[in-house]
Structures are given as C-alpha cells and as structure tokens.
Amino acid sequence: MVVPRHVAIILDGNGRWAKAKGMPRSYGHIKGCDNLEKVCTVAKELGIKYLTVYAFSTENWKRSKEEVDGLMKLFRNYMKKCIKISRDNKMRVRVIGDPRAFDQDLQDKIRELEEYSSQFDELYFQIALNYGSRDEITRAVRHMAEDVKEGKLAPEAITEDTVSGYLDTRGLPDPDLLIRTSGEERLSNFLMWQLAYTEFYFTDVAWPDFDRGEFVKAIEKYNKRDRRFGGVKED
C-alpha cells in the first residue's frame, strides 16, 4: 500500500455527533480534540510525513458566543497538551491561519508550542486556526504587493512557486489526499490553492469516530486513484 506523503483532514461532525447522543455540542468538540491526539499517532505509525487539519475557520466566529468561548478554552488546553504529543511523536507543530484574532495568552501558547516542537522532524503537523483560504491568499497578495512596491520583487518574476512561497503553507508539499468526515462534500474555504491536484475522500463517519480503520480505508481508496496531474498515462 502506497501511503500519501501529505494528508489534509477537514474535522467535521463533532457537534452533530454529540447531538445524536443527546449531549451538548461542546462534548463533541472535546471528544473530537481527544481523537486528534490518537490520529496524530496513527498518522506517524502509517508513515505519513505531513498532516494538516482544519480546526477553526475564519467563518466559525459566526457561531454562538458560548460555543466559540468553549472552543477557545479547548484550544488553550490543547496547546499545552500538544507539547507532550509533540514530544511523544517527535512531531513539529505549526499553526496556519491568522492567530492575531485570538487573545494574547492563546497567541503566546501557540508560539511556545511552535518553538518547542521545532526540534522535531518525524511528523509535520499543521493546525489551521482562524484559517480561510481566501483570507490566506488575500494576505499573501498584500505581502507580495508590498514587496513589489519596495522593489524586493519584480512583477514579471512572479511564478506559481512565488505565490506558494507567500502562503501559510510555504515550505510544505501540497496534500496528496484530503479527507472530510461526516458526509459533507465541499472544501469550505480550505487550502484551495494547495488542493489543486489532491485526491478527495469523503466519509459519513463523524470526526470523533474516525479511527485507525477508517484512516486505512481512506488510504486504500487513495491507492485506487490514477493520479495523472493533467497528463495522459501511456498504455
């Protein structure tokens, strides 16, 4: 079985999973966060080198204040817990998105985790927080425009690689496989530039129930895909 080098996952269905069990949405988020720890370990065991997950989008601020406050508390706890996960899995952690919208203490926890985990390289783990692909591309364009204005970048020198170098995912290979849980089949403003030639896998399984078996099933499906990147395979 060929294991994809980079897997991206849209973590969907926590709230609906909890509601189906007669529990509040916050319970689903807690269980989803617990599952993320397990899936990081599984990813490393399977030989995946890069894992990128969509945890909180730029649109998620529209949810109720109670739910957003609960998620912020959960993120604070997870950033502390993730130091141990990083150490156990020799995992480098990087947050993509715009953390400036978070309270200063959470920004500090993110920075502390990134600095601590920078010593590891067995698994590269990216968490998308306050992330939206349109926002990412807009920030990248602004940065490029500033560099052009300051004479650091010539417009005629801009290539696809140049654009990639201004994105939050700079330095990372594009995902080979995107997994979205809980039955939805859309990108929801996630990595739209990076997913140009990625294979998509959608499952009805909610994120808290997405385990090793489901992960292997997704990779097995990936192995049946014929990746030609716009070319034609010779007979």
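For clarity, every value in this text was computed on a predicted model and none was experimentally measured.
- Using a cut-off of 4.0 Å between Lys/Arg side-chain N and Asp/Glu carboxylate O, Asp34 and Lys38 are scored as not salt-bridged.
- In the displayed structure, Arg142 atom CZ is contacted under 6.0 Å by at most 12 heavy atoms of other residues, nucleotides or ligands.
- In this structure, SG on Cys40 lies 4.5 Å from CE on Met91, to the nearest 0.5 angstrom.
- Under a 4.0 Å N-O distance rule, the pair Lys81/Glu37 qualifies as a salt bridge.
- The existence of a salt bridge linking Asp135 and Arg139 is confirmed by a sub-4.0 Å separation between a basic side-chain nitrogen and an acidic carboxylate oxygen.
- No side-chain donor from either of Arg180 and Thr203 sits under 3.5 Å from a side-chain acceptor of the other.
- Counting heavy-atom neighbours within 6.0 Å of Glu66 CD, excluding the residue itself, gives a total of 12 or less.
- Side chains of Tyr197 and Asp176: a donor-acceptor N/O pair is absent below 3.5 angstrom, by distance only.
- Enclosure of atom NZ in Lys221 is not indicated, since only 12 or fewer non-hydrogen atoms of other residues, nucleotides or ligands lie within 6.0 angstrom.
- The aromatic rings of Phe102 and Trp61 lie tilted to each other, with the angle between the two planes from 30° to 60°.
- Taking a cutoff of 4.0 Å between a charged side-chain nitrogen and a carboxylate oxygen, Glu214 and Lys217 qualify as a salt bridge.
- Under the 3.5 Å distance criterion, with hydrogens and angles disregarded, no donor-acceptor pair is assigned to the side chains of Asp103 and Gln107.
- Relative ring orientation between Trp207 and Phe210 is described as parallel, the plane-to-plane angle staying below 30° on a 0-90° scale split at 30° and 60°.
- For the ring pair (Phe, Tyr, Trp, His ring centres under 6.0 Å) test, residues two or more places apart in sequence or in another chain that qualify with Tyr50 are His6, Tyr124.
- Here Trp193 pairs with nothing under the ring pair (Phe, Tyr, Trp, His ring centres under 6.0 Å) rule; sequence neighbours left out.
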